[in-house]
Protein chains: 2
Amino acid sequence: MNKGSESRARFERIYRTLRQRICLLDYPPGRRLREEDLAEEFKTSRTPIRRVLARLEDEGLLRSVHGVGTIVTDIHIDDLQQVYQLRVELAELIGKLAPVMPDRRTIEEFRELEARGRALAKRPDAREFARLNMEFFHLLMTLTANEPLREISERLYYQTTRNWLKTASRLAQYREMLRNEIRFFQREMADTLAAIETGDLQVVGHVRRAHVAMSFARLYAEAHPVVCNEQS
Amino acid sequence: MNKGSESRARFERIYRTLRQRICLLDYPPGRRLREEDLAEEFKTSRTPIRRVLARLEDEGLLRSVHGVGTIVTDIHIDDLQQVYQLRVELAELIGKLAPVMPDRRTIEEFRELEARGRALAKRPDAREFARLNMEFFHLLMTLTANEPLREISERLYYQTTRNWLKTASRLAQYREMLRNEIRFFQREMADTLAAIETGDLQVVGHVRRAHVAMSFARLYAEAHPVVCNEQS
DNA sequence: GAAGAGCCTGTTGTATACAACATCACGCAG
DNA sequence: CTGCGTGATGTTGTATACAACAGGCTCTTC
């Protein structure tokens, strides 16, 4: 019954914990992690920790430098453009490859997330927004049975998601941006629910595609303010 | 200058070596690898080897079992169907996301591969076919500058590529299948060259998509012989 | 006072001893 | 003869000591 997966479960737990900390900026870009501290926190030795860090490094969230430390990567929107472009294309595949019609329970979860979105709109909070966004993503992923697609989408999602928090948090119009973004997110959830109710999951894919693309465009515009008009 | 990448280079070298051995069936499915043997072969300790094995396990080529060994995964075409479906979709993106027009040198390399394909057709050899197929794949990947797309396509390619060798090698009509497959591969290369010469890399993507889909269909048909006619 | 060399500290990378675990063979009892 | 338990053996997982390395600090010298 155990399937010898005792240590596998622990690996997964530590991995998800650290990934979440990085993506919620508990570990901001540039932050240096010490393997021994993590080993102590998770009541283990450096060996299993190093395996987790190696994977996070593979995924581009960390970078280990011999003799220096393990550093949370700092990324700019320009470096992420390619990832976003790919995410836009993959979004559409959710409803195209092995789509799974959600059962009543799952639809209910979508509704609950939407409700939490309404509550959030009344009392904006960046961290809660990021967390809600994450949960929505994972719920979306249940709509396809294509396991490789899920894995890859997840990987790319976590490569890009902290970028919004990072960009927004240091801007003057921070609170307005947040409120604005929450509104867009509410609309994505509403559109998604509507699409699900049509029974055509391809539409869900199209909705997602549109919103990922627009989300990137907003961030990009924020980082590259138009000088005014012309100029190639 | 060294950038401390001494050990990173070694990691990459061992990783590619083992991956190739798995995909050329030097390590056939079910084969058990011993960490200590590999450590000795590559003149190092188990520690760096384990990092390589962990990554190969992440990618689905190996599976480590505590107390038993590290085993090359055995996969059936049915498990790979989802991967193939995704590969079909991704193939098209080569020419869509950040396409890079090949320079004269690269086109020359395509021509060389095609020439080797002609030579191969005269003296069929499964192993050489697999190797040529791999080189062609890597050359195709130079046609997009989208790094995440390249990484992911590579990962999925190596998850599926050994399946042809495995399926074919135990079939009666082995030599005929091989000759047939080589002919198809020649056509893919010829089509690709023609597409490149049109200057439209989207066409290259369409060609690739078609051939990946057909290649999977042939394998699938081989594994699921039609009983004769009807029957759902 | 400034610049440079060399030590000192702290961190990741590697090697290795040991623990946990699975498998198989052997023996013993029924 | 068969079935089960137990120990021997071999393997991966973990802990830990040590090597390699980077960066800063100090001391020296011009």
Side-chain angles (χ1 to χ4, degrees), chain A residues 1-19 21-22 26-74, chain B residues 1-19 21-22 26-74:
Chain A
M1 168 176 289
N2 197 1
K3 287 175 57 179
S5 60
E6 185 62 35
S7 81
R8 252 186 186 74
R10 182 178 61 173
F11 170 86
E12 201 68 21
R13 188 172 56 85
I14 300 176
Y15 166 72
R16 286 176 187 279
T17 302
L18 294 187
R19 186 177 64 175
R21 287 181 188 172
I22 292 170
D26 296 330
Y27 296 155
R31 164 74 174 267
R32 221 182 61 200
L33 307 180
R34 282 179 16 88
E35 297 178 349
E36 212 147 347
D37 288 349
L38 296 173
E40 189 179 0
E41 175 183 353
F42 292 102
K43 304 266 186 293
T44 177
S45 78
R46 282 178 57 209
T47 308
I49 296 293
R50 281 180 62 74
R51 181 165 176 172
V52 172
L53 297 183
R55 174 142 166 198
L56 288 168
E57 186 174 0
D58 276 346
E59 296 178 353
L61 300 182
L62 292 178
R63 173 146 182 91
S64 288
V65 185
H66 189 180
V68 177
T70 304
I71 292 135
V72 178
T73 53
D74 189 10
Chain B
M1 168 178 287
N2 197 1
K3 286 173 55 179
S5 61
E6 183 63 36
S7 81
R8 251 184 187 75
R10 182 178 62 173
F11 170 85
E12 200 68 21
R13 189 172 56 84
I14 300 176
Y15 166 71
R16 287 176 188 278
T17 303
L18 293 187
R19 187 178 63 176
R21 286 181 189 171
I22 292 170
D26 295 332
Y27 296 154
R31 164 76 173 266
R32 222 182 60 200
L33 306 181
R34 281 179 16 89
E35 296 178 351
E36 211 147 347
D37 288 348
L38 295 172
E40 188 179 1
E41 174 182 353
F42 291 102
K43 304 264 185 294
T44 178
S45 78
R46 282 177 58 205
T47 308
I49 296 294
R50 279 179 63 75
R51 181 166 176 171
V52 172
L53 297 184
R55 175 143 166 197
L56 288 168
E57 185 174 0
D58 276 347
E59 296 178 351
L61 300 181
L62 292 178
R63 172 144 183 94
S64 288
V65 184
H66 189 181
V68 177
T70 305
I71 291 135
V72 178
T73 52
D74 189 10

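Since this is a predicted model, take the numbers as computed values, not measurements. A, B, ... follow the sequence lines: proteins, then strands. Residue 1 opens every chain. Side chains included, hydrogens not; waters and symmetry mates left out as well; all remaining heavy atoms used.
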[atom1] of [X] versus [atom2] of [N]: gap in Å, rounded?
{"X": "B/R51", "N": "C/dG13", "atom1": "CZ", "atom2": "P", "result": "7 Å"}
{"X": "A/E36", "N": "D/dA17", "atom1": "CD", "atom2": "C1'", "result": "12 Å"}
{"X": "B/L62", "N": "D/dT12", "atom1": "CG", "atom2": "C1'", "result": "13 Å"}
{"X": "A/R50", "N": "D/dG13", "atom1": "CZ", "atom2": "P", "result": "16 Å"}
{"X": "A/H66", "N": "D/dA20", "atom1": "NE2", "atom2": "C1'", "result": "4 Å"}
{"X": "A/R8", "N": "D/dT12", "atom1": "CZ", "atom2": "P", "result": "13 Å"}
{"X": "A/I71", "N": "D/dC21", "atom1": "CD1", "atom2": "P", "result": "17 Å"}
{"X": "B/L33", "N": "D/dT11", "atom1": "CG", "atom2": "P", "result": "12 Å"}

Could you run down the sub-3.5 Å N/O contacts of the protein with nucleotides 24-26 of chain D?
none

Fill in the blank from the handout: With B for base contact, S for sugar-phosphate-only contact and - for none (protein heavy atoms under 4.0 Å), nucleotides 4-10 of chain D reads ------B

Quick one: closest heavy-atom pair of [X] and [Y], and the distance?
{"X": "B/R31", "Y": "B/D26", "result": "NH1-O, 3.7 Å"}
{"X": "B/R32", "Y": "B/I71", "result": "CG-CG1, 3.7 Å"}
{"X": "A/S64", "Y": "B/R8", "result": "O-NH2, 3.4 Å"}
{"X": "A/L18", "Y": "A/V52", "result": "CD1-CG1, 3.9 Å"}

Handout entry: A/T73 side-chain N/O to A/L61 backbone N/O, donor-acceptor pair under 3.5 Å
Key =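 Here the side-chain-to-backbone pair exists.
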
Problem - Sugar-phosphate, base or nothing in reach of B/R10, heavy atoms under 4.0 Å - result: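 It contacts sugar-phosphate atoms only.
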
Practice task
Answer with base, sugar-phosphate or nothing: what part of the nucleic acid does A/E35 contact at a heavy-atom distance below 4.0 Å?
Solution key: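 Sugar-phosphate contact only.
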
Practice task
Using heavy atoms and a sub-4.0 Å distance, could you list which residues of residues 40-49 of chain B are near DNA chain D? By number, please.
Solution key: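 Residues of residues 40-49 of chain B under 4.0 Å from DNA chain D: B/R46.
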
Would a 4.5 Å heavy-atom cut-off, applied to side chains only, mark [X] and [Y] as touching?
{"X": "B/F42", "Y": "B/R13", "value": "yes"}
{"X": "A/E57", "Y": "A/L53", "value": "no"}
{"X": "B/P48", "Y": "B/R10", "value": "yes"}
{"X": "A/L38", "Y": "A/I14", "value": "no"}

Problem - Electrostatic pair B/R55:B/E59 at N-O distance under 4.0 angstrom - result: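 Yes, this pair counts.
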
Exercise for the section: Using a strict 4.0 Å threshold on nitrogen-to-oxygen distance, state whether B/R16 and B/E12 make a salt bridge. Expected result: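 A salt bridge links B/R16 with B/E12.
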
